[in-house]
Amino acid sequence: MGQSDSKKAGQTMWGGRFSDNPSEIMQAINVSIDFDRRLYAQDIEGSLAHSEMLAACGIITSDDKAAIHRGLHEIKDEIEAGDFPWSAELEDIHLNIEGRLKDKIGEAAGRLHTGRSRNDQVATDFRLWTREHLNHFVVRLGGLMSALLAQAEQNTDTVMPGFTHLQSAQPVTFGHHMLAYLEMFARDRSRFEDARARMNESPLGAAALAGTPYPIDRDMTARALGFDRPMANSLDAVSARDFALEALSAATICATHLSRLAEEIVIWTSAQFGFITLSDKFTTGSSIMPQKRNPDAAELIRAKVGRIMGALTTLTIVMKGLPLAYSKDMQEDKEPVFDAFEALDLALAAMTGMIGDMTPRKDRLADAAGAGFSTATDLADWLVRSLNMPFREAHHVTGVIVALAEKQGTTLDALPLSDMQAIHAEITQDVYSVLTPLASARSRLSYGGTSPVRVAEQVARWKDKLS
Ligand code: ARG
């Protein structure tokens, strides 16, 4: 940390009425520059817009504005080159940049803060940062959806077991399973879009809490920063963090979806399931067990929801019960959001990579699809359709046939007709047309069902939407 600031008593940026310096402990708890320096680009963008407006409204001269702009651009370059003298004594990103601006352009730097406060400044910076990340997640989710779509397209008629309670239930298609996640991630994407639309209002110009007597133009700064409009209430503008809570809520839901898919990948890559393989790119070895290929990326994705939801919980509790308007508690808003968004970004990238990387093992999937008497419902439905049997009776007859197949150690489609006829005399050869997993999947033609025909239709719909 640099020592550009004077150590004389009361010489902090806000120290006019102070005669002593803050204690070290006071400084330590107060300082935020170690994490809020991430907002440097947004802070500079906000200051450029604010000073432009101040000049346009005749509140500062255009010479001062020009000096401020030159200084801010230089500061941005310094930060990006790693040459910026960060100062803990200057507390946060706002005072660090303003302090540096003073070093560079002198007195004019002191005019930048006219008609604003750090309260609306930090709210603006944080909104800009959050908005940028929401935009980014929308793009990332589009990439993940495309990866799922590509797998779906290649596997519209790849049969696999569908589970309930993780017990074999009915055959489904791998493409159908991929599209189920695509639908979830599409909703996640729209949640991020909704959050972005709702948050896109400018706090800048709310000043400390009550507005300002200077004849500022809040519409102008809102427009310059890409906001739809200025926030209508200055108290709300500096106090609101629900935009971050909403973004974290959407992130938590998205991370939950990621964790479910990650869990399936962990299960599917196990030797016992063997439903898919991942390449060396997305697996790791064990230092002691040479046979191992561990799905570490999937496991880490599965875990990320913990810290993301932790961030939501943290910020919810920070905000709970805070009176209007700004309180320093709100400085604790940023770290959880930074951490959660970084985690989500990485999880989305890793999942997209893994989905593109994985290869379904069609033979294993087909074998597994037939195991566990997965076409028992099809047999019952055949009895209802072909023999006009009431479903309850068909369910019972099927149960007896399943028990027999189990006793003989065979599958339903391999059980001899004579054995079935011994249980119900009217069963005919035609029953075998519904007993294979593929036939079962093909028969599920209802809208949204697993039939390859329906899956191909959904693939076509998504291709259209995603292109
Ligand atoms: N570092 C502060 C934060 O992140 C900036 C706002 C400080 N405002 C104040 N009145 N002390 O919240």
Side-chain angles (χ1 to χ4, degrees), residues 1 5 10-18 21-23 25-47 49-50 75 79 84 86-101 109-110 112-133 199 202-212 221 225 231 234-245 247-248 311 314-341:
M1 291 283 163
D5 217 23
Q11 288 299 297
T12 56
M13 194 117 18
W14 37 257
R17 56 108 73 207
F18 289 76
N21 278 317
S23 85
I25 305 272
M26 178 64 223
Q27 258 202 36
I29 195 169
N30 204 34
V31 68
S32 58
I33 190 61
D34 287 339
F35 56 87
D36 66 16
R37 65 169 76 176
R38 290 205 202 197
L39 298 176
Y40 80 89
Q42 291 78 13
D43 199 71
I44 289 171
E45 200 190 337
S47 291
H50 183 67
I75 289 169
I79 293 174
F84 188 87
W86 298 106
S87 156
E89 280 151 28
L90 287 173
E91 290 179 31
D92 59 21
I93 185 63
H94 323 295
L95 298 185
N96 265 263
I97 289 178
E98 197 185 320
R100 187 68 185 147
L101 192 61
L112 169 60
H113 213 50
T114 314
R116 77 171 186 191
S117 142
R118 272 191 291 163
N119 297 346
D120 58 335
Q121 192 178 355
V122 72
T124 303
D125 294 1
F126 196 25
R127 258 176 209 260
L128 289 172
W129 188 93
T130 303
R131 186 180 73 188
E132 197 178 306
H133 282 72
M199 72 167 293
S202 174
L204 195 58
L209 74 167
T212 174
T221 46
L225 296 171
M231 290 180 78
S234 63
L235 291 167
D236 178 43
V238 294
S239 307
R241 293 295 183 271
D242 54 290
F243 70 88
L245 289 172
L248 284 174
T314 301
L315 185 56
T316 303
I317 295 173
V318 166
M319 295 311 297
K320 181 204 165 290
L322 281 189
L324 299 186
Y326 178 85
S327 297
K328 193 66 174 240
D329 308 50
M330 287 158 70
Q331 180 165 287
E332 294 280 315
D333 61 357
K334 286 173 269 310
E335 279 170 293
V337 178
F338 292 161
D339 182 72
F341 279 21

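These values consider heavy atoms only, across backbone and side chains, with no hydrogens, waters or symmetry-generated copies. Atoms within each ligand, like the ligands themselves, are counted from 1 in listed order.
Side chains of Glu132 and Gln42: a donor-acceptor N/O pair is present below 3.5 angstrom, by distance only.
Asp236 is linked by a salt bridge (Lys or Arg N to Asp or Glu O under 4.0 Å) to nothing, counting only residues two or more places apart in sequence or in another chain. With sequence neighbours left out, the side-chain contact (heavy atoms from CB on, under 4.5 Å) criterion links Ala41 to Lys76. For Asp92, the salt bridge (Lys or Arg N to Asp or Glu O under 4.0 Å) partners at least two apart in sequence or on another chain are Arg118.
Protein neighbours of ligand 1 below 4.0 Å, counting non-hydrogen atoms: Ser32, Asp36, Asp92, His94, Arg118, Asn119, Val122, Tyr326, Gln331, Lys334.
A 4.5 Å side-chain heavy-atom check between Leu225 and Arg127 finds every atom pair outside the cut-off.
Panel note: side chain Ser234, backbone Leu209; a donor-acceptor pair is recorded below 3.5 Å.
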